[in-house]
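Have a look at the structure below before the remarks.
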Amino acid sequence: QASGVGVLDFSDDMRRLFIGYGDMTAEVIDIRTKEVLMTAVQHMARILDVQVLSDGHVRWATSAGDIWECDWEHNGRASSILVTGKNWQRASLSPSGQRVLTETSDGAIEEWSLSGGSWRTYCDPPQEDSERDGPPLQRCGWLDEHLYYRDDSDSLFITNGEDSSPRQLEGPLQQLVLSKDGQLLAISANSETRLHQMPSAELCPQAPLAGKPLAFSPGNALLCVTPS
């Protein structure tokens, strides 16, 4: 599509591909036949994150503070399953698909349950004088049953949601990339990338890499970086 791709995700069996487009529509495509199994045009908001589940469902979060779901194996229709009334600029669905970690348009970081709609706040909106130059930074995400978030100082906090004292890595940090299996976290600071074992956040013995991290290969044998 001319509007471009915003987010995408594969099903575990590599048979389905979910694509969220820049024009705020979404599709599920059969990779082998190229058949479009589902088209969602009901929402008028940017798609922030997507999760293709093994049971034939796909869920995605939008900037309007909504979570949508479609069962392409049966009716192929999309419907909203959570409506918060918030304005999200980032959202990350948990591995179980039952929670979503969000950053609101004013910078607050919140966790929402998809069953019941309850939430908790981890980080209040930053102070006006804490604005940074450059592109927005990734501020929150999931690691199995743990989550991580960043505060005004760019320090990174890791918690399972019940910790009284979350683990903390000092900033300033430039970019974060989590491995697909959640075992490694690549953090760039001062034009170097260092690896941390998760969820302990212990620094790995490997020498730092020059540049910013892009993606881990399957099995974490490789890490792609780009020059700063």
Side-chain angles (χ1 to χ4, degrees), residues 5-12 14 17-18 20 47-54 58-61 67 88-103 107 109-112 114 122-123 134-151 153-163 166-226 228:
V5 174
V7 297
L8 58 83
D9 192 27
F10 291 92
S11 60
D12 290 341
M14 297 297 292
L17 174 64
F18 176 97
I47 299 175
L48 302 176
D49 191 32
V50 59
Q51 186 177 64
V52 178
L53 305 175
S54 59
V58 59
R59 289 177 177 169
W60 62 97
I67 302 293
W88 294 342
Q89 67 173 359
R90 292 183 185 83
S92 179
L93 290 156
S94 68
S96 66
Q98 298 302 312
R99 296 182 290 167
V100 59
L101 187 63
T102 68
E103 181 182 357
I109 294 177
E110 300 172 339
E111 176 196 354
W112 290 79
L114 272 60
Y122 289 102
C123 189
L137 298 173
Q138 179 181 345
R139 295 190 64 217
C140 56
W142 290 97
L143 173 63
D144 293 330
E145 296 305 316
H146 290 72
L147 58 89
Y148 58 89
Y149 62 91
R150 303 159 61 114
D151 65 3
S153 68
D154 276 349
S155 292
L156 180 72
F157 295 86
I158 301 170
T159 175
N160 62 9
E162 305 295 337
D163 295 337
R167 289 174 287 282
Q168 179 178 357
L169 299 176
E170 298 290 342
L173 307 174
Q174 297 169 318
Q175 190 163 326
L176 310 173
V177 173
L178 192 66
S179 63
K180 191 71 172 179
D181 61 6
Q183 296 301 308
L184 292 175
L185 182 65
I187 303 177
S188 64
N190 300 321
S191 301
E192 289 186 340
T193 293
R194 295 180 180 272
L195 298 180
H196 293 259
Q197 191 72 40
M198 302 302 286
S200 67
E202 181 179 353
L203 184 65
C204 295
Q206 289 90 339
L209 304 172
K212 296 180 180 180
L214 291 177
F216 285 91
S217 68
N220 304 331
L222 300 171
L223 171 64
C224 297
V225 298
T226 182
S228 301

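Note that this is a predicted model, so its numbers are computed, not measured. One-based numbering along the sequence shown.
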query: In Å, rounded to the nearest 0.5 Å, how long is the span from CG of Leu114 to CD of Gln98?
result: 6.5 Å
message: Could you report the tightest heavy-atom contact between Ser217 and Ala221, atom names first, then the distance?
response: OG-N, 3.3 Å
task: With Val7 as reference, evaluate Asp49, Leu48, Ile47 under the side-chain contact (heavy atoms from CB on, under 4.5 Å) test and give the passing residue.
output: Ile47
message: If we ignore hydrogens and angles and just use 3.5 Å, is the side chain of Thr193 paired with the main-chain N or O of Gly211 as donor and acceptor?
response: yes
- prompt: What heavy-atom pair brings His196 and Ala201 nearest, and what distance separates the two atoms?
  reply: ND1-O, 3.1 Å
query: If you look at every heavy atom in Trp142 and Ser94, which pair is closest and at what distance?
result: NE1-N, 3.4 Å
- request: Test Leu101 against Tyr148 for side chain to side chain contact (heavy atoms under 4.5 Å, CB included), laying out the working first.
  value: CA-CA 9 Å; Leu101 187 63; Tyr148 58 89; over 6 Å; no
message: Atom CD of residue position Gln168 - does it have more than 12 heavy atoms of other residues, nucleotides or ligands inside 6.0 Å?
response: yes
message: Are the side chains of Arg167 and Met198 in contact, using a 4.5 Å heavy-atom criterion?
response: no
- prompt: Could you state the interatomic distance from CG (Leu195) to CG (Leu203), rounded to the nearest 0.5 Å?
  reply: 8.5 Å
query: Are the side chain of Ser179 and the backbone of Leu184 linked by a donor-acceptor contact shorter than 3.5 Å?
result: yes
message: Could you walk me through whether Glu111 and Leu147 satisfy the side chain to side chain contact (heavy atoms under 4.5 Å, CB included) test, starting with their C-alpha distance in whole Å, then the side-chain angles of each, then the deciding distance to 0.1 Å, before giving a yes or no?
response: CA-CA 9 Å; Glu111 176 196 354; Leu147 58 89; 3.9 Å; yes
query: Is there a donor-acceptor pair closer than 3.5 Å between any side-chain N or O of Gln197 and the backbone N or O of Gln183?
result: yes
message: Counting C-beta onward and ignoring hydrogens, is there a side-chain heavy-atom pair between Ile158 and Pro166 closer than 4.5 Å?
response: no
task: Give a yes or no answer on whether the side chain of Asp9 reaches the backbone of Val52 with a donor-acceptor pair at less than 3.5 Å.
output: yes
query: Any donor-acceptor pair under 3.5 Å linking the side chain of Asn190 with the backbone of Glu192?
result: no
- request: Mind checking the CD1-CG spacing from Ile187 to Leu169? Nearest 0.5 Å is all I need.
  value: 5.0 Å
Where Val177 and Phe216 come nearest, the two heavy atoms and their spacing: O-CE1, 3.4 Å
query: Is there a donor-acceptor pair under 3.5 Å between the side chain of Gln89 and the backbone N or O of Gly107?
result: no
message: To the nearest 0.5 Å, what is the distance between SG on Cys204 and CZ on Arg194?
response: 11.0 Å
query: Which is it for Leu17 and Leu8 under the side chain to side chain contact (heavy atoms under 4.5 Å, CB included) test, yes or no, and what are the steps along the way?
result: CA-CA 7 Å; Leu17 174 64; Leu8 58 83; 4.2 Å; yes
- prompt: Do the side chain of Gln175 and the main chain of Pro213 share a donor and acceptor less than 3.5 angstrom apart?
  reply: yes
statement: d(Ile109 CD1, Ser92 OG) to nearest 0.5 Å is 11.0 Å
query: When you look at Thr102 and Glu110, which way does the side chain to side chain contact (heavy atoms under 4.5 Å, CB included) test go after all the steps?
result: CA-CA 5 Å; Thr102 68; Glu110 300 172 339; 3.8 Å; yes
message: In terms of relative ring orientation, are Trp112 and Trp88 parallel, tilted or perpendicular, with 30° and 60° separating the classes?
response: tilted
